[in-house]
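The next block holds one structure in the form of structure tokens; read it before the comments.
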Amino acid sequence: MRKVKEKGSKGISYFVDKYRIFILFAILLIISIAFAPNFFNAFNLTSIMKGASLYIFLAIGMTIVMICGQLDLSVQSVMNLGAVLVIGLRTWSGFGWIWSILIAIAAGAAMGLINGLIVTKGKIHSFITTLGTMTITSGLVFLYTHGGSISTEGDFALGDLMDQTLIPLFTLRVIITVVAVLVFSLILNRTRFGRAFYMVGGNKDTAWLAGINTNRKITTAFIISGSMAALGGALFAISQNSAVPNMGTKGISPLMVAIAATIIGGTSMAGGKGGVFKSFVAVLTIMIIFNALTCFGTGYEVQVFANGLVLAAVVLYEALAIYRADKIKGIRTELLKEVQNK
Amino acid sequence: NTTTPAVEADAPADDAGDAADDATADDATAEEAEMSNLDKSLALNIDSVVGSDGQPLLLDLEKKDVPERPADPDALPEEDPLHWYDMEYAGWGAMDKENIPASPADGSIGKKVIVIINGDHPYLTAYSNGATIAAEAYGMDIQIMSPNWDLNVQNQQVDQAINAKPDMIILIPLDAKAAVTQFRRINDAGVPCIASNMLPEAEAMKYVIGWAGPDDWGQFRMLADVLAEEIGGKGGVAYVQHAPGGSPYFARCWGPLSQFAANYPDIVTLDKQAPGFEADKTKQLVSDWITKFGDELTAIVAADDSAQAIGIIEALKEAGREDVKVIAAGNSKIGMDYIASGELLAISYQSAEADGATPIKMAADWFNGLDVDPVYYLPKHVITQADVADFLPAQW
Amino acid sequence: MGEAMVALQMKQVSKRFPGTLAVDHVDFAVKKGEVHALIGENGAGKSTLMKTLAGSYNDYTGKIFINSQEVTLHTPLQAKQQGIEMIYQEMSLAQPISIAENILVGRLPRKGLFLDNKKIISQSKKLLERVGLSHIDPKIPISEISQHEAQLVEIAKALGNDPHILVMDEPTSALSREEVNTLFSIINNLKQQGISIVYISHHLPEIFEVADSVTVMRDGKIVGNHQICDVTSEKLVEQMVGRSINEFYSKRDANIGEVMLSVKDLSRYGFFHNVSFDVHEGEIVGICGLAGSGRSELARSIVSADPTDDGEIYLEGKRVKGKNMNAVMREGIAYMTENRKTEGLALRMSVEENLLAAMIPELSVGLIYSRKRGKKPMGDLIEKLNISAPSTNSMVSNLSGGNQQKVLLAKWLAIKPRVLILDEPTRGVDIGAKMHIHHVIEDLANNGHAVIVISSDLPELVGLSDRSMIMRNGHFIGEIGKDELSEDTLLLAANGEGRS
Amino acid sequence: MNKKIEKQGSVSQNIAHEKQSGKILDITSRFGVYGILIVLIIAGIFINSNFFSLNNFKNVIQAGAFLGILCAGMAFITYSGHFADMSAPITMALSGIVTISCISFGIVPALLIGIGAGVLVGVINGIVIGKFKANPIIWTLAMNFVVSGIIRWVYSNKQIYPDVESGGSIAGEMFTNISRTYLWGIPISVFIMIGLLLIGQFVLSKTRYGKQLKIIGSNIDTAKLTGINVSRNILIAYIIASFAAALAGIFVTSFGKVGAYYNGEGYDFRAVTAIVIGGMTLSGGRGNMIGVLGGVLTIGILSNLMTFIGIGTFEQQIVTGAIFILIVWINSNSLRKLGRDDA
Ligand SMILES: Nc1ncnc2c1ncn2[C@@H]1O[C@H](COP(=O)(O)OP(=O)(O)OP(=O)(O)O)[C@@H](O)[C@H]1O
Ligand SMILES: Nc1ncnc2c1ncn2[C@@H]1O[C@H](COP(=O)(O)OP(=O)(O)OP(=O)(O)O)[C@@H](O)[C@H]1O
Ligand SMILES: [Mg+2]
Ligand SMILES: [Mg+2]
């Protein structure tokens, strides 16, 4: 039997690779704390997390969908759907908050279900499917609101509660967000149900042959994505006491932030790799960049540029890492020593 | 270069800067030393500050007749101008202001103002330009933030602005209704605040000193009158709408539409569509209309006088339908060029720079302890071929 | 045959693909605790029949009985519940996922609601040990281990499910002899426990070594069923191919000329070091070595598909300057990969497009590609290699494994390179096809080309090559001339016990 | 020997069989979008008498011209298995705004510099994606952000006008006339679109490059081990795509008479839609340019038709999205039925 050193040795590059998002986060945080005026205080940090909340809900779904090897471009429209429904049902139809929220989530889940069914049964690439449903959902949202926005008409109670700082730094909405992240992290990492998503993304045939209902799994991922997007939109709308039908149709949209964060967090578009918690940290990282740049008083163009640069750097880093790994894959260390000894 | 402010050599802006410097200088003359900051602020001459189009930047403001609010505007048909009462006259209502700090009445000089605009657009670049010129004239410090059309980012910038503890926040809300919470938040934090450009919901007016901006509804009613006159009070009108979501989406379609309905019963509505701000998409829409409606199409009302106007004019030209009259919200360079060449019938005069300067004026008035109306309208004017030359060069 | 003894019975099972009746009213039975070999030409329907059993198809017709109970096997899960496990011909592991999870997929141990990570590791370690991979950390992803290791992981995965019926579809095609031995002892062990095994292979010696009975398939039908003791390999071949094949390796009179390819001190650090050898015109040179000895890496470096750290290559005395595979190919050296599915073929493209893929520059006039000029070479190749496909337009992925392999080979024969390096040219190919391929390789050499054959199939190396070089741990340790060439000498040398 | 003949026989038999049963599917899979187009046109005839007129079709094809020009390039990206070029919008904006700022050098140098600037984006994309195998969607998205930031910064968020930049000289007017020049009453952009699509069709189906690109699109590792210069071919695809995007950008900018960072916004997804409706699959190596033209026309006719029916903007979105998915389903389903695709 040939002698092989135990594989997967944990060198420094391995460490950097595995925890790169945390390192990036820490570096940017420290730089911002050190240099950005008005950055490091409770008020601003809370504000960053409040801002991150919306994107995190999109990123949760995006991450799970990408782990399955799919893509969900409809999250932003679904987010708007959740937002207008929760306020519309409350204000126009007189539902209670609980019901409004539940129906909004259900509507998001329904959109996810449709996405999932088209992708799995219709066998249409998720990029295409969700591009289509994105348009459809946005049409539905406008139809519902007649193109305008909806407000709670002076009912600020729940909105204020959402924005209340319950624990230092954490408002209720942020707490819900963090809980959602933790729950989904736990599910993905520590349950059979969650690991199956990775299997499906890693190799659909393997998963299917192992008895996993891959179609159902992918559909579930889309349902989670849809309902989380709707919930994120709904919570945002509640804390805003109003809902806007067209968020993100211009500028760096929440959709782009969610995709960028998911990638920066290390989830692979090819599927089978990634995690919700990392995406969460990645969203915070992007928010820190935006926030700190505003603190410096730079214009929006610098923020776009910085966002692009980070994204580009991460993509390039990833590509080079794979390139390097490919090059040394299967290298035999005992043979290498031979050269070094010479 | 169209956008450098044409401040004259001996413009008061310079004086204002000097005055501010002098106020802190040790070797100030006795007379100046005696003057309080308020006196100095009041003494600033702002009348001759002009924008890049050579028009005075801080104009005399317009008043508007505010009718009685109907009991339930929503119950009225959409064609009824009063259906839109709450949008059109937001801010004028008898709403009680809440928790508005009292004016310090100690002068505008040296005050720190943060302006949060709603996004990036050449209009808003000119707006920011105007705000900056005006702020300099009043001796104020100004910082401008842009969330690039993202409400979530704007919320954060509101927080960041509060956190920077300025003397005043000026906010162009992204959405009329979402604005309520934003203004409420600023109000809660005890920072005086002015709403600008986009009309927020009436509810939001509680929390602000006032609103300054163009009278979109009023302007479009004026434009509508000009158009109705031109087409003899009858014909078919199609509407190229603003992007859904904001107040212009309503004002620039239902403003003229309800005006026609109220005063020119023979004008009919053919279609309303929102193709976005892309010339080629608008062109296809209008070409489709020309084919579909043929001679029924007498006029087009557009929410934008640049990209949309190009699409409309090109489609009309191509179909040889120069007889169709077009009005649009102004006043971009493209729009004014079209007015000059007679391809557009009329556009509204809406100086972007003045739009930026007006809330600054409101802020300064407030710092100076002057009476401040709840609404500062930009003056309304319809630009036609006859007077377009006065408004060139364009600001954006 | 007592009823109780029968573990599996398939009655009149058929499975149709668009355009092909892959399995045609087959009756097939396996007894408890026996190793039942299933053999046949490429495309005979072996894999399809077994995949039907493993629940891959929900549209088969006919009846399946497990332990005399009729069952419906429409999903893999249903098959698993019946205790049927299959090791697939085409690797089916998820690359980015850890070995442990791949092994335990679908039945990860839990503690309460959550996974029991300790148990996952310990269970998978145990299974890895059983297949001789105790040195591998089960936490690393599949993408970090080599192909033959992955094949073993696959076996471990199937064992973990404690099957009653275990189907192995060409499990040894990527394994070294030693690993094959491990596998056989595992098989014997399972047999003792009363587990039935269906064993598909193109290696007849293996079948005589391990199987108790054998079923022969041809064109989707069963054409023979024997106890292993009642049958000879000649007889099986005749049933498989429909004619008798007497002589496997015709003695070729090699007409060896000038040095064609000369490799000098070539190294890729960590993979192979200081390799030097010559290959002559008209010569077939074998490279023998255990899996992981660096043969494939060497070949890839020669054609610049992988980088080289040191050394030179000369073709007909001239230094090969190409820095990428495409340039090297233009100079006259070509390499056929061992990874048919992932690197060899574009599975979603047609037979024609794959056949002519390497020929595109030759077929083009200037920048323009002429499809017409490809017709003749394509027809010739299809005939020469006896490629059987529904049509030249059909996707390669719909072909049987052996025919895919032939398409891959044809793609390289098409460009007639001065030097052709073939990596495992007959992996997964049936005997008939193998014969064809060998003839074609010999033809090539007879026409003055030089051929290097890398193969783990020792009889193939012995029969085909004029001499064989031995690689061990990234080094060339010598060569064995034609006269001394035999399976034993090769094996000894590769294992480091023979001459060096 | 016998057997050989038998096998050969089965090949030709099967071909014959496939020819009969698969012909319709084959046509659907290749040109299915035209079937939809015909259905839409027939529907249009019943809906409005003005619909079926030369003028109307002229409008539709004209309206799709800029998009078509963009698609003629971006299809190369899709075909090569790299999904879409998300930096197309900013490439369009860049070439337009750079051309205008150089307009004082004369129209031809300005156009060359402008298109060159756009192609530069493609070169960067092509190198990074071709050589280092960066994820194409995300990389081009990042490029879109980066270049957008640069343009906004350089031009301080303003838009610039050809007539102003050229100081009122003839070059400015020539620039705005690029999209207003007509041949036989049809804008030249239409001819350029059709020309580019036909050239693209030729390149994809009839050239060595196209054949190799198809292999790259189907399996990039195989392409590499077939001795195809993968990184160079991908670079070429991105150069073609950026050239087309730059050209489309020139037209859009010329038509809108202003150079600005936002010219081209939204064109990325619109182009993907047209390309995919036209029968190219995102998994690469499938489809043709004639289909892409069909995709462009279908989008045009659909919106034309809905305006004729008088459907509101919002309902139009819903219908468009649904029809989009439907067409893609028809295309991919017939490919699958044919056994030409397993996706
Ligand atoms: N997914 C599929 N679609 C269409 N035809 C298929 C498919 N899978 C297999 N076939 C066809 O079914 C027949 C039987 O193939 P199968 O893979 O069972 O052969 P096999 O005996 O396992 O051959 P090999 O020894 O080469 O593995 C072949 O003609 C093949 O072309
Ligand atoms: N001692 C070792 N240390 C690390 N990796 C090894 C070792 N031996 C083999 N490998 C792995 O096995 C792979 C197979 O190596 P290579 O392809 O060179 O072997 P080969 O002789 O061609 O065998 P095969 O018949 O499997 O192709 C290598 O890429 C490497 O990943
Ligand atoms: Mg098989
Ligand atoms: Mg090998």
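Note on naming: letters A, B, ... go to the chains in the order of the sequence lines (proteins, then strands), and numbering restarts at 1 for each one. As a basis for the values below, the full set of heavy atoms in this structure was taken, side chains included, without hydrogen atoms, waters or symmetry mates. None of the values given here were measured: they were computed from a predicted structure.
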Q: Would you give the length of the straight line joining atom CD1 of C:Ile360 to atom CD1 of D:Ile228, rounded to the nearest 0.5 angstrom?
A: 5.0 Å
(Q) Using side-chain heavy atoms (C-beta onward) and a distance below 4.5 Å, is C:Leu347 in contact with D:Asn219? (A) no
Q) Considering only heavy atoms, which portion of C:Met349 lies under 4.5 Å from any heavy atom of chain D: side chain, backbone, both, or neither? A) both
Q | Interface residue of largest heavy-atom contact number with chain C, from D:Thr226, D:Ile215, D:Val203, under 4.5 Å | A | D:Thr226
Q.
Tell me which of these, C:Pro361, C:Ala305, C:Gly366, C:Ser304, has more heavy-atom pairs under 4.5 Å with chain D than the rest.
A. C:Pro361
Q.
I need the minimum non-hydrogen distance between C:Arg348 and D:Ser283, along with the two atoms involved.
A. NH2-OG, 3.1 Å
Q: Decide if atom CG of D:Leu112 counts as having more than 12 heavy atoms of other residues, nucleotides or ligands within a radius under 6.0 Å.
A: yes
Q: Please flag which part of C:Lys411 lies under 4.5 Å from any non-hydrogen atom of chain D: side chain, backbone, both or neither.
A: side chain
Q. Counting only heavy atoms not in D:Phe243, do more than 12 fall under 6.0 Å of its CZ?
A. no
Q) At what distance, to the nearest 0.5 angstrom, does NZ of D:Lys224 lie from CG of C:Asn324? A) 10.0 Å
Q: Can you measure from OG1 (D:Thr222) to CD (C:Glu343) and round to the nearest 0.5 angstrom?
A: 7.5 Å
Q. Looking only at heavy atoms, what is the nearest atom pair of D:Arg208 and C:Ser364, with distance?
A. CB-OG, 3.3 Å
Q | Side chain, backbone, both or neither of C:Thr342 within contact of chain D (heavy atoms, under 4.5 Å) | A | backbone
Q: Measure C:Arg300 against the heavy atoms of chain D and call it side chain, backbone, both or neither at under 4.5 Å.
A: side chain
Q | Minimum heavy-atom distance between D:Gly227 and C:Met329, given as atom pair plus value | A | CA-SD, 3.5 Å
Q: Could you grab the distance from atom NZ of D:Lys206 to atom CZ of C:Arg371, nearest 0.5 Å is fine?
A: 8.5 Å
Q: State whether the number of non-hydrogen atoms from other residues, nucleotides or ligands found under 6.0 Å of D:Lys131 atom NZ is greater than 12.
A: no
Q) So which part of C:Ile368 gets closer than 4.5 Å to some heavy atom of chain D, the side chain, the backbone, both or neither? A) both
Q) Atom OG of C:Ser350 and atom NZ of D:Lys214: how far apart are they, to the nearest 0.5 Å? A) 6.5 Å
(Q) How long is the straight-line distance from CG of C:Leu345 back to OG of D:Ser218, given to the nearest 0.5 Å? (A) 11.5 Å
